[in-house]
Every structure is written in C-alpha cells, then in structure tokens.
Amino acid sequence: MPAYVIVGMQWGDEGKGKIVDYLTKYAEIVVRHQGGNNAGHTVVVDGKQSILHLIPSGILHEGIVCIVGNGTVLDPAVVIDELDSLNAAGYATAGRLFFSDCAHVIMPYHKALDKAQERFRGKNRIGTTGRGIGPCYADKADRMGIRMGDLVNEAVFKEKLGAILEYKNGVLEKVLGETPLQFDEVFDEYRGYAGQLRPYVADAVKLVHDAVAADRRIIFEGAQGAMLDLDHGTYPYVTSSTTVSGGVCAGAGVGPTNVDGVIGIVKAYTTRVGEGPFPTELTDQVGEQLRREGNEFGATTGRPRRCGWFDAIQLRRAARLNGMTAIVMTKPDVLSIVDPIRICTAYNINGSVTHDFPTSLEALENAVPVYEDMPGWNEDISACRTWDDLPEKAQRYFERIEELLGVPVCTISVGPGREQTIERIDPFSISACGTMRGMTPEPA
Ligand code: IMP
C-alpha cells in the first residue's frame with residue numbers, strides 16, 4: 001500500500017466485488033473511477049448477499065470512505081435505490097460516501113437512445129446493458145453532458161436540460177421514430193433526485209488528492225474488464241469507458257506516479273455477456289456445466305453468461321495493458337467438475353499459429369484456440385484456506401498460469417464468502433516498479 005488499482009482482466013464479471021470487499025480491510029479509501037450501473041457486484045457478507053451497481057462495495061466496511069470519481073456516469077434513480085437499501089440494511093453512508101460533481105448524469109434520453117440504437121443495429125447489436133451508458137459517455141465527449149454539479153444547481157440544470165432536450169427530442173422523434181420526452185416530467189423527476197443527492201456531491205478530485213497527500217491507503221476499483229475497454233477491447237463490442245488500469249489517472253484525477261501496483265482479477269475460466277468474439281467459448285455441455293456450477297448469470301441484467309476455457313493469449317495482452325503486478329484468481333472451485341482442464345496457449349488464425357492477441361475483429365473471430373490440457377483435480381476445494389490445503393493438481397494449474405503470464409498468483413478465492421480466500425503472497429507487497437519488466441512470461 002498505499003495506492004493500488006484492482007481491475008478485471010477478462011470481459012468483466014471476474015468477481016471483483018468480492019475481492020474489493022475482501023481487500024478493503026487493508027484500505028482506508030475506495031475510489032470508483034469509471035463506468036456506471038452497467039456493472040454489478042454481488043458481495044456475500046455473513047451469508048447476506050448485497051448487489052451493488054455503482055456504490056463501491058467498500059461501503060460494506062465500517063468507516064471506509066468511498067468516492068465515486070469524475071470518470072463515472074451516474075443514474076440518480078439507481079444511486080438513490082442503492083443508498084436506500086444500504087441504509088435499510090444498517091450501513092451508514094452520510095459523511096463517508098461522495099459522488100464527484102464532475103461525474104456525468106444518465107438522463108432518460110440516454111436510456112431511450114441506448115435501446116433505440118441497439119434496435120437500429122439489428123444483427124450487429126452490441127448487447128449493451130441498456131442502461132444508457134454509451135449515449136451518456138457520447139454526450140460527455142460531445143460536450144453536451146449534464147454533470148452532477150449541474151444537477152444539484154437547479155437554475156443551471158433547468159437551463160441545460162431545456163437546451164439539450166430540444167436537440168435530443170429531435171433525434172428521438174425524427175431520426176429514430178421514438179416518442180419525445182416532456183421537459184416538465186424530466187425536470188420534476190430529476191429535481192427530486194437532486195434534493196436527495198445534494199449532500200453527497202463533492203469535489204472528488206480534491207478528496208483523492210488530500211488522501212494521496214496524507215499517504216492514506218487507497219484502492220481504485222475498476223468496473224468491467226480489460227477486453228471491454230473502449231480503446232483496447234474487442235471494439236465495437238466494448239463498453240464506452242477506459243476499463244484498463246490507466247483509466248484511473250483520468251477518471252480519478254491522479255498521475256501514474258501515484259499508483260503503486262495493479263491487482264488483476266482473473267477468473268479461472270472465461271465468461272462474457274453480450275455479443276462479440278470469444279475464441280475459447282464453449283457451446284457444448286462443458287460450457288453449460290460451467291455456467292450452472294459457476295452461477296454465471298449477470299448481476300445487472302440476469303442474462304446467462306457465455307462460458308469458455310482460460311485464455312492465456314487474451315490474458316497476456318490484458319496483463320500488459322494494465323501493468324498487472326499481482327493476480328487474484330477467482331472461482332477455481334468451479335473447475336472441480338471438469339477433467340481435463342484446458343488452457344488456450346496460442347491461436348490458429350487461417351492456418352498460422354500466433355501467440356499474440358489480434359487487434360482485428362475478423363482475425364479474432366477466425367481464431368481457433370490451441371489448447372494445453374492440465375489434469376483436473378476432481379475434488380471440492382471450497383473449504384481450502386491455505387496454499388498447502390490445495391490439491392497438487394490445482395497448485396500446478398495456478399503455477400502454469402503464472403508461467404504463462406509472468407505475474408504471481410497472490411490470492412485465490414474458492415467461494416463467494418469472505419472467509420473462502422487463500423492468501424499466498426501479499427498482493428500489496430509487490431510494487432509496480434520493475435515487476436513487469438523483470439518477469440518474462442514464458443512463450444506458450
Ligand atoms: P454497455 O456498457 O451497457 O454499453 O454494454 C457494452 C458491453 O459491455 C456489452 O457487451 C455488455 O454486456 C458489456 N458490459 C458492460 N458492463 C459489464 C459488466 O459489468 N460486466 C460484464 N459485461 C459488461
């Protein structure tokens with residue numbers, strides 16, 4: 001410590017919620033820096049399940065300060081719902097939860113546009129969560145966004161909404177054939193939200209800077225995963241924000257020198273929701289078994305997740321994109337039901353074998369995985385609490401992944417509960433400086 005990033009290394013849903021919750025015991029402050037309520041974290045504490053979409057799961061720890069930074073997009077109705085359910089469950093939020101005044105607000109026309117655009121794309125649809133994420137980020141880049149600071153200033157909000165809604169209604173009605181939105185209805189609804197959220201809106205960047213200056217222990221919590229990154233993922237089948245660790249700098253307002261290390265959350269197999277290429281996808285019985293055993297259904301939309309084998313080519317790319325210094329492995333317990341366990345170590349693309357993740361979508365769609373088989377351990381590992389408790393075959397699987405990625409497996413999660421966690425190496429003991437340069441991944 002003091003400042004580490006925790007990010008997903010695949011297509012999201014790696015189990016970041018549980019890990020951030022688990023590692024928060026070492027932190028004082030948790031900062032979310034991108035994304036919106038397209039994310040969904042399921043956290044189980046003392047057998048009680050909480051699903052959070054926006055508010056960092058750090059809020060479930062007494063005394064932890066949670067900051068939702070500039071780079072996020074916020075749907076006020078969802079935020080208020082989460083606040084209400086947290087307060088009802090006895091978690092205090094006042095004075096320790098802050099939303100950036102520069103975060104952008106998801107408006108009803110963003111949600112309407114998200115759905116209409118997906119319909120318009122037809123067979124090329126992205127499979128978005130329909131939460132208005134893409135259109136909200138598009139407005140931000142187009143300098144047509146409404147920020148939290150605007151929302152809580154009634155006069156500013158009224159003026160901005162009036163001007164923007166006229167334009168948006170034109171697009172909805174004339175271009176997409178949708179029903180226009182009524183100014184009064186939107187204004188009254190959002191004025192109500194503003195009243196409830198005003199005490200939580202703050203200059204998040206200053207809060208982060210003060211924490212950095214005071215050497216406080218900070219976790220930057222990423223949403224989604226590396227392959228959903230707007231610049232580096234499988235575009236256009238991506239989300240609209242920077243999901244790789246570099247997004248922390250822009251989204252939270254710190255420099256790269258303020259980040260000490262990057263903890264990558266890696267699922268022991270691969271899943272993906274929505275459309276887009278997925279080389280190791282299993283459309284057979286084994287994929288079905290993984291989905292059932294791993295309960296692979298979206299926390300946000302309930303959609304069944306596509307399941308497949310561990311892809312070392314994709315993960316090596318993700319490790320480099322993020323400067324990953326430590327691996328936290330999640331859900332290997334699900335693999336207890338399969339034997340052999342396969343790892344993709346190369347792609348065969350139109351007859352040539354490559355160890356590089358292709359940037360072309362067409363190449364990725366044609367990639368046939370080359371697998372290495374590892375023997376399955378065929379036993380329940382959910383009660384293991386130390387490295388030595390693990391069957392040798394499971395240890396070998398983790399060691400092989402370390403060899404392929406050149407990054408140590410520090411922590412292993414063997415179930416949803418906080419206690420179902422194996423601490424092998426302290427992920428906060430590895431600093432970014434030199435690690436990625438020093439460890440050379442073994443060519444597959
Ligand atoms: P959007 O973020 O709603 O625009 O959706 C774009 C793509 O990202 C779709 O394929 C979604 O399924 C995917 N996506 C967005 N958020 C998450 C997440 O938290 N986990 C997994 N997939 C996500």
Side-chain angles (χ1 to χ4, degrees), residues 6-20 32-43 51-57 68 71-75 78 82 104 106-107 109-121 123-141 221-244 247 251 265-267 269-278 281 291 294-308 314 318 330-331 361 364-365:
I6 301 183
V7 268
M9 288 288 143
Q10 291 146 316
W11 276 280
D13 306 318
E14 296 89 355
K16 289 179 294 294
K18 158 170 171 178
I19 302 305
V20 173
R32 170 103 187 254
H33 54 276
Q34 47 76 222
N37 60 312
N38 44 351
H41 284 163
T42 308
V43 187
I51 298 184
L52 294 168
H53 297 285
L54 257 169
I55 298 175
S57 44
V68 181
T72 59
V73 288
L74 308 181
D75 184 331
V78 174
E82 281 188 16
H104 279 248
I106 298 179
M107 301 296 297
Y109 45 81
H110 293 135
K111 291 182 263 191
L113 285 166
D114 195 356
K115 291 183 182 122
Q117 285 167 348
E118 279 287 83
R119 274 198 297 278
F120 176 78
R121 290 184 190 110
K123 69 175 178 43
N124 294 323
R125 71 184 179 281
I126 291 162
T128 71
T129 58
R131 304 295 194 258
I133 307 295
C136 185
Y137 275 116
D139 274 357
K140 171 180 174 172
E221 171 185 337
Q224 290 87 39
M227 291 298 127
L228 289 173
D229 184 271
L230 183 58
D231 288 283
H232 301 286
T234 48
Y235 188 89
Y237 300 100
V238 293
T239 190
S240 300
S241 63
T242 299
T243 61
V244 296
I265 314 298
V266 176
K267 202 185 271 188
Y269 51 97
T270 315
T271 60
R272 168 163 210 175
V273 269
E275 307 301 319
F278 177 2
E281 181 169 13
R291 180 159 38 251
N295 192 23
E296 297 294 356
F297 296 90
T300 299
T301 58
R303 290 182 289 178
R305 297 178 185 141
R306 299 154 68 192
C307 297
Q314 175 269 304
T330 59
K331 300 183 101 169
L361 206 64
L364 197 60
E365 268 157 2

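Just so you know, ligand 1 is whichever comes first in the structure, and atom 1 is the first atom listed for that ligand. Owing to the predicted nature of the structure, the values given are computational and were not obtained by experimental measurement. This chain uses plain numbering: 1 for the first residue, then up along the sequence.
Checked against a 3.5 angstrom limit, the closest N/O atoms of Gly12 and ligand 1 fall outside it. In terms of polar-atom proximity, Gln224 is counted as a contact of ligand 1, with an N or O under 3.5 Å from an N or O of the ligand. The shortest N or O to N or O distance between Asn38 and ligand 1 is below 3.5 Å. Ligand 1 has an N or O atom lying under 3.5 Å from an N or O atom of Thr239, backbone or side chain.
For Tyr237, no heavy-atom contact with ligand 1 is shorter than 4.0 Å. The parts of Thr129 lying near ligand 1 are both backbone and side chain, judged by heavy-atom distances below 4.0 Å.
A salt bridge (Lys or Arg N to Asp or Glu O under 4.0 Å) with Glu296 is found for exactly one of Arg306, Arg291, Lys331, namely Lys331.
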*For the pair Ile126 and Glu118, evaluate side-chain contact (heavy atoms from CB on, under 4.5 Å) and give the outcome as yes or no after the intermediate values.*
CA-CA 7 Å; Ile126 291 162; Glu118 279 287 83; 3.7 Å; yes

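For the atom pair CG (Asp231) and OG (Ser241), the distance works out to 10.5 Å, reported to the nearest 0.5 Å. In this structure, NE2 on His41 lies 10.5 Å from NE2 on His53, to the nearest 0.5 angstrom. Residue Thr271 holds its OG1 atom at 6.5 Å from CZ of Phe278, rounded to the nearest 0.5 Å. Between atom NE2 of residue His33 and atom OG1 of residue Thr243 there is a gap of 8.5 Å, rounded to the nearest 0.5 Å. Here the CD-OG1 distance, from Glu365 to Thr234, works out to 9.5 Å after rounding to the nearest 0.5 Å. Annotation: the span from Asp114 atom CG to Tyr109 atom OH amounts to 14.0 Å, rounded to 0.5 Å.
Within the listing of ligand 1, atoms 19 (O) sit less than 4.0 angstrom from a heavy atom of Ala39. Heavy-atom proximity to Gly127, at under 4.0 Å, picks out these atoms of ligand 1: 9 (C), 10 (O), 11 (C), 12 (O). Within ligand 1, the atoms closer than 4.0 Å to a non-hydrogen atom of Trp11 are 21 (C), 22 (N), numbered from 1 in the order shown. The atoms of ligand 1 that sit less than 4.0 Å from any heavy atom of Val273 are 10 (O), 12 (O), 21 (C), 22 (N). Less than 4.0 angstrom separates some heavy atom of Leu228 from each of these atoms of ligand 1: 8 (O), 13 (C), 14 (N), 22 (N), 23 (C).
Here the shortest heavy-atom pairing between Leu230 and Ser240 reads CD2-O, 3.5 Å. Nearest heavy-atom pair, Gly12 versus Leu228, reported as atom, atom and distance to 0.1 Å: N-CD1, 4.4 Å.
Ligand 1 has at least one atom lying under 4.0 Å from a heavy atom of Val238. The shell of residues lying under 4.0 angstrom from ligand 1, judged by heavy atoms, includes Arg303.
In this structure, atom 5 (O) of ligand 1 lies nearest to the protein heavy atom Thr128 CA, 3.3 Å. Among protein heavy atoms, atom 20 (N) of ligand 1 sits closest to Asp13 OD1, 3.2 Å.
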